[in-house]
Amino acid sequence: TRDKMPPVEGDVLVHASASKEGEVIKVSELSEQLIRAWPMGKDKEGNNLIRKGDPNNVLALYRFPKGQIVAPTNLDATVDGEIVAYSDICTHAGCSVSDDDQQEGQMKCPCHSGQYDPKRGCVVVGGPPPRPLAQLPIKQDGDKLVVAGFFLENPYPFTESEWEARKE
Ligand code: FES
């Protein structure tokens, strides 16, 4: 069903945190602190539909000063090299990844201390995760953020064959 579909091109990013859930995220709200997002599309009748039927759809958004986001982040899939979106789902066992309290601008998984660097393509910098967090292409539309394409890598703690099946 549509609420379980992975992010689709054209989806608008809305807050996933309990206090603001469903509010459209404004570009001006973004910072070096993690903001969790859901993709919001449309149902068959054309009404807004948040794709939270699959908890794996939660996303991580950051804005870093120009020049700080570098390869292997795909800069073409960011907004001006400053705003970047990733899957927030740890590739180890699927926990939702948080900011690292000890290291600003880094991410840490609360389950088994997997660490990721969101300025460098969310590569794994510590702990057991087998792969980076997948980057999701985004673009800016006014003060909103919109999904610009499918995940660039496997976003889930799934095997590659499960991922291939999911893409279809
Ligand atoms: Fe994230 Fe294990 S689920 S480190």
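When a ligand or atom number is given, it counts from 1 through the structure's own listing order.
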Short list, please: which atoms of ligand 1 are under 4.0 Å from a heavy atom of C109?
1 (Fe), 3 (S), 4 (S)

Please evaluate residues I50 and D3 with respect to the criterion side-chain contact (heavy atoms from CB on, under 4.5 Å), reporting the C-alpha separation (whole Å), side-chain torsions for both, the decisive distance (0.1 Å), and the verdict.
CA-CA 6 Å; I50 301 175; D3 71 322; over 6 Å; no

Taking 4.0 Å as the limit for heavy-atom contacts, which would you say applies to C111 with ligand 1: side chain only, backbone only, both, or neither?
side chain

Classify the side-chain pair N48/K42 by whether it contains a donor and acceptor separated by less than 3.5 Å.
yes

Side chains of S28 and R63: donor-acceptor distance under 3.5 Å anywhere?
no

Give the atom numbers and elements of ligand 1 that come within less than 4.0 Å of a heavy atom of G114.
4 (S)

Distance-only, no hydrogens or angles: does the D80 side chain make a donor-acceptor pair with backbone N or O of E82 under 3.5 Å?
no

Here the pair of heavy atoms bringing D88 nearest to M107 is OD1-CE, 3.7 Å

How wide is the angle at atom 2 (Fe) of ligand 1 between ND1 of H92 and ND1 of H112, to the nearest 10°?
100°

Using a strict 4.0 Å cut-off to heavy atoms of C90, name the atoms of ligand 1 that fall inside it.
1 (Fe), 3 (S), 4 (S)

